[in-house]
Amino acid sequence: MSTTSYERIWSVVRRIPRGRVATYGQIARIAGLPPQARMVGYALHALPDDIASSVPWQRVINAQGRISLRAFAGSEAVQRKRLEREGVKFDAKARVDLERFGWKAGTEMRARSSRSTR
DNA sequence: CCGGTGACGCGCG
DNA sequence: GCGCGCGCCACCG
């Protein structure tokens, strides 16, 4: 049916708050899929351009806190820029601190004084 | 129907 | 902390 796992995955991705990032494995888990993080990547790969604008795909990165490379060169720079525009910081190794920017699904807990944003 | 591939994750050295 | 290799599943030719 149209009720593919893709729709489910995209739905979860839409729930990621601005300025936050989630890992493929996390999305897979929330979407009700097993440790099949690969499926999430596949779903995003198959993400139609017409609805790509309604799905914050840039907020999905791998468990290492890094942007997964796609077929097209330069795609990493595009995604990084979009995330930085939301306030997500990257370190010298092009990695995001998941402890600070990782999305805590369902807990929305306001990190008290997690300053140190520098 | 079969084999290769891929926006990944995790264990091991 | 980093790099390498294997495992899982759906899609494509």
Side-chain angles (χ1 to χ4, degrees):
Chain A
M1 312 317 111
S2 333
T3 321
T4 59
S5 300
Y6 288 13
E7 285 282 340
R8 195 115 103 199
I9 293 170
W10 297 332
S11 183
V12 174
V13 175
R14 288 197 193 87
R15 290 167 50 191
I16 304 174
R18 187 172 178 285
R20 290 276 180 162
V21 294
T23 66
Y24 294 92
Q26 188 177 4
I27 297 300
R29 204 166 96 179
I30 297 173
L33 298 171
Q36 255 77 293
R38 254 185 171 181
M39 198 64 262
V40 176
Y42 225 94
L44 293 181
H45 176 69
L47 184 63
D49 294 333
D50 51 309
I51 64 175
S53 55
S54 63
V55 178
W57 53 268
Q58 71 271 21
R59 293 171 194 157
V60 184
I61 60 179
N62 59 40
Q64 304 171 66
R66 288 185 160 175
I67 295 174
S68 293
L69 274 57
R70 289 186 297 170
F72 286 92
S75 59
E76 183 182 358
V78 175
Q79 183 169 0
R80 174 168 175 162
K81 201 151 191 174
R82 290 183 68 137
L83 287 176
E84 291 182 318
R85 201 179 67 182
E86 297 182 357
V88 177
K89 305 294 173 56
F90 287 77
D91 63 13
K93 303 191 193 76
R95 284 191 301 192
V96 175
D97 186 347
L98 296 177
E99 295 297 309
R100 287 194 308 183
F101 301 103
W103 174 42
K104 309 298 197 267
T107 53
E108 305 295 83
M109 59 176 241
R110 55 187 69 276
R112 315 147 258 190
S113 43
S114 54
R115 76 267 160 297
S116 259
T117 27
R118 40 159 290 206

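Naming convention: chains lettered A, B, ... in sequence-line order (proteins, then strands); numbering from 1 in each chain.
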Close N/O contacts between protein and nucleotides 1-6 of chain B (under 3.5 Å):
unit_1, atom_1, unit_2, atom_2, d
B:dG6, O6, A:Arg38, NH1, 3.1

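For A:Arg14, the CZ atom counts as densely surrounded, since its 6.0 Å shell holds more than 12 non-hydrogen atoms of other residues, nucleotides or ligands.
When rounded to the nearest whole Å, the span between CD1 of A:Ile9 and C1' of B:dC8 equals 12 Å. Atom C1' of nucleotide B:dA7 and atom CG of A:Leu44 are separated by 6 Å, given to the nearest angstrom. Separating the CG atom of A:Leu98 from the C1' atom of B:dC10 is a distance of 15 Å, rounded to the nearest angstrom. In this structure, A:Asn62 atom CG and B:dC8 atom C1' are separated by 8 Å, rounded to whole Å.
Among pairs with a residue in residues 36-57 of chain A, none fulfils salt bridge (Lys or Arg N to Asp or Glu O under 4.0 Å), at least two apart in sequence or across chains.
Residue contacts for A:Arg66: at a heavy-atom cut-off of 4.0 Å it reaches no nucleic acid atom on any strand shown. In this structure, A:Ile67 reaches neither bases nor backbone, as no heavy-atom distance under 4.0 Å exists between it and the strands shown.
Stem analysis of DNA chain C (at least three stacked-register Watson-Crick or G-U pairs, each with both distances under 3.5 Å) gives B:2-6 with C:9-13, B:8-13 with C:2-7.
Atom CG of A:Leu83 sits about 13.0 Å away from atom CZ of A:Arg20, to the nearest 0.5 Å. Distance check: A:Ile9 CD1 to A:Leu44 CG gives 7.0 Å after rounding to the nearest 0.5 Å. The distance from the CZ atom of A:Arg29 to the OG1 atom of A:Thr23 is 9.0 Å, given to the nearest 0.5 Å.
For the segment residues 72-83 of chain A, residues with any heavy atom less than 4.0 angstrom from an atom of DNA chain B are, sorted by number, A:Gln79.
When all heavy atoms of A:Gly19 and A:Val88 are compared, the pair lying nearest together is O-CG2, 3.6 Å. The two residues A:Ala43 and A:Trp10 have their closest heavy-atom pair at O-NE1, 3.1 Å.
For DNA chain C, the outermost nucleotides in 5' to 3' order that have an atom under 4.0 Å from a heavy atom of chain A are C:dC2 to C:dC11.
Residues A:Leu33 and A:Arg8 fail the side-chain proximity criterion, which asks for heavy atoms closer than 4.5 Å. Residues A:Tyr6 and A:Pro48 fail the side-chain proximity criterion, which asks for heavy atoms closer than 4.5 Å.
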Which donor-acceptor pairs under 3.5 Å do side chains of residues 51-64 of chain A form with protein atoms, sequence neighbours excluded?
unit_1, atom_1, unit_2, atom_2, d
A:Ser54, OG, A:Ile51, O, 2.7
A:Gln58, NE2, A:Glu86, OE2, 3.0
A:Arg59, NE, A:Glu86, OE1, 3.0
A:Arg59, NE, A:Glu86, OE2, 3.2
A:Arg59, NH1, A:Ile16, O, 2.9
A:Arg59, NH2, A:Glu86, OE2, 3.0
A:Asn62, OD1, A:Gln64, N, 3.0
A:Asn62, OD1, A:Gly65, N, 3.3
A:Asn62, OD1, A:Arg66, N, 2.9
A:Asn62, ND2, A:Arg66, O, 3.1
A:Asn62, ND2, A:Ser68, OG, 3.3

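Panel note: side chain A:Gln26, backbone A:Trp103; a donor-acceptor pair is recorded below 3.5 Å.
Under the side chain to side chain contact (heavy atoms under 4.5 Å, CB included) criterion, A:Arg80 pairs with A:Ile67, A:Glu84, A:Phe90, A:Ala94, not counting sequence neighbours. Scanning for side chain to side chain contact (heavy atoms under 4.5 Å, CB included) contacts around A:Asp91 gives A:Lys93, A:Arg95, with sequence neighbours left out.
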